[in-house]
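This report concerns only the one structure given below.
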Amino acid sequence: FKDSRPVPLVLIDVPNAQGLWLAIIDALEPKTAEQLGRRDQLLLKSAKMIGEQNGPVVVAGDFNATPLTPIFKDFLKMADLSASRFYSPTFPSKLNWLGIPIDHILVRNIKVKRIEALPAMGSDHRPLKAELLIPRSPRL
């Protein structure tokens, strides 16, 4: 999108499973009113694009928004995505479990078995690791 970071959207062919759409979000930090507007625009435009995809979808990345942020709730609804029941604190990494959850792994038509935040590796964010179950292909 104009004046934003790219949002890759890829179709992954998984053997014996439905094709999986994967999108990666890297939203701007909302440090100023302009950056806040650009972050929100990126999320809204991405949500529209992601919502148009059929089948299983995984959206992961740095949203720079907590689950309580109104734009994050709008993003989930517009993209028809679900979040896990528990949000892991990821930022700032030095606070470990006292941080805030601004990095997310969101899904549609996929079962989330587990999501966990790992120790930071050279970043001020803790990475997330997910175990997901992708539905079998209807052809099988």
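Fair warning: this is a prediction, and the values are worked out from it, not measured in the lab. Atoms considered below: every heavy atom in the structure, side chains included; atoms not considered: hydrogens, waters and symmetry mates.
- L106 and L11 fall within the same hydrophobic cluster, where Ile, Leu, Val, Met, Phe, Trp and Tyr residues are linked whenever their side-chain heavy atoms come under 4.5 Å apart, directly or through other members.
- Under the 4.5 Å side-chain contact rule for hydrophobic residues, F91 and M121 do not share a cluster.
- Hydrophobic clustering, with ILVMFWY side chains joined whenever heavy atoms are under 4.5 angstrom apart, groups V14 together with I110.
- Checked by atom type and distance alone, the side chain of T69 never pairs as donor or acceptor with a backbone atom of I71 at under 3.5 Å.
- Taken together through direct or relayed side-chain contacts under 4.5 Å among Ile, Leu, Val, Met, Phe, Trp and Tyr, L76 and L9 form part of one hydrophobic cluster.
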*Evaluate side chain to side chain contact (heavy atoms under 4.5 Å, CB included) for L42 paired with F75, printing each intermediate quantity in order.*
CA-CA 10 Å; L42 171 75; F75 178 85; over 6 Å; no
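- Taking the side chain as every heavy atom from C-beta outward, I24 and L22 approach each other to under 4.5 Å.
- I115 contributes atom CD1, which lies 4.0 Å from atom OG of S84 (distance to the nearest 0.5 angstrom).
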*side chain to side chain contact (heavy atoms under 4.5 Å, CB included) between V58 and I105: does it pass, once the steps are laid out?*
CA-CA 7 Å; V58 175; I105 297 175; 4.2 Å; yes
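- In this structure, H104 and Y87 have perpendicular ring planes: the angle between them is above 60°, well past the 30° mark.
- When all heavy atoms of P89 and A117 are compared, the pair lying nearest together is O-CB, 3.9 Å.
- Nearest approach of A27 to R39, heavy atoms of both residues: CB-CG, 3.6 Å.
- For Q35 (side chain) and K31 (main-chain N/O), a donor-acceptor pair under 3.5 Å exists by modelled atom type.
- The line from CG of D74 to CG of D40 is 8.5 Å long, rounded to the nearest 0.5 Å.
- The shortest side-chain heavy-atom distance between L132 and K111 does not fall under the 4.5 Å cut-off.
- Only one option out of N109, V59, I12, V57 pairs with W21 in a side-chain contact (heavy atoms from CB on, under 4.5 Å); it is V57.
- Interatomic distance, D62 CG to D103 CG, rounded to the nearest 0.5 Å: 4.5 Å.
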*asked:* What verdict does the side chain to side chain contact (heavy atoms under 4.5 Å, CB included) test give for S93 and R126, after you've listed the backbone C-alpha separation in whole Å, the side-chain angles of each residue and the deciding distance to 0.1 Å?
replied: CA-CA 5 Å; S93 59; R126 295 172 63 205; 3.7 Å; yes
*Show the numbers, then the answer: is there a side chain to side chain contact (heavy atoms under 4.5 Å, CB included) between L128 and E116?*
CA-CA 6 Å; L128 292 172; E116 65 178 309; over 6 Å; no
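- The backbone N or O of I50 sits less than 3.5 Å from a side-chain atom of R108, completing a donor-acceptor pair.
- The structure places CD1 of I102 at 11.0 Å from CZ of F63, a figure rounded to the nearest 0.5 Å.
- Pairing each heavy atom of E52 with each of K48, the nearest pair is OE2-NZ, 2.9 Å.
- Summarising the geometry of Q18 relative to P56, their closest heavy-atom pair is OE1-CD, 3.1 Å, with the distance given to 0.1 Å.
- Interatomic distance, CG of L43 versus CD1 of I25, reported as 6.0 Å (0.5 Å rounding).
- To the nearest 0.5 Å, atoms OG (S88) and CG (L118) are separated by 9.0 Å.
- No single ILVMFWY cluster, assembled from side-chain heavy atoms under 4.5 Å apart, contains both M49 and V10.
- Each of N96, T90, L95 was evaluated against P92; a single residue qualifies, L95, per the side-chain contact (heavy atoms from CB on, under 4.5 Å) test.
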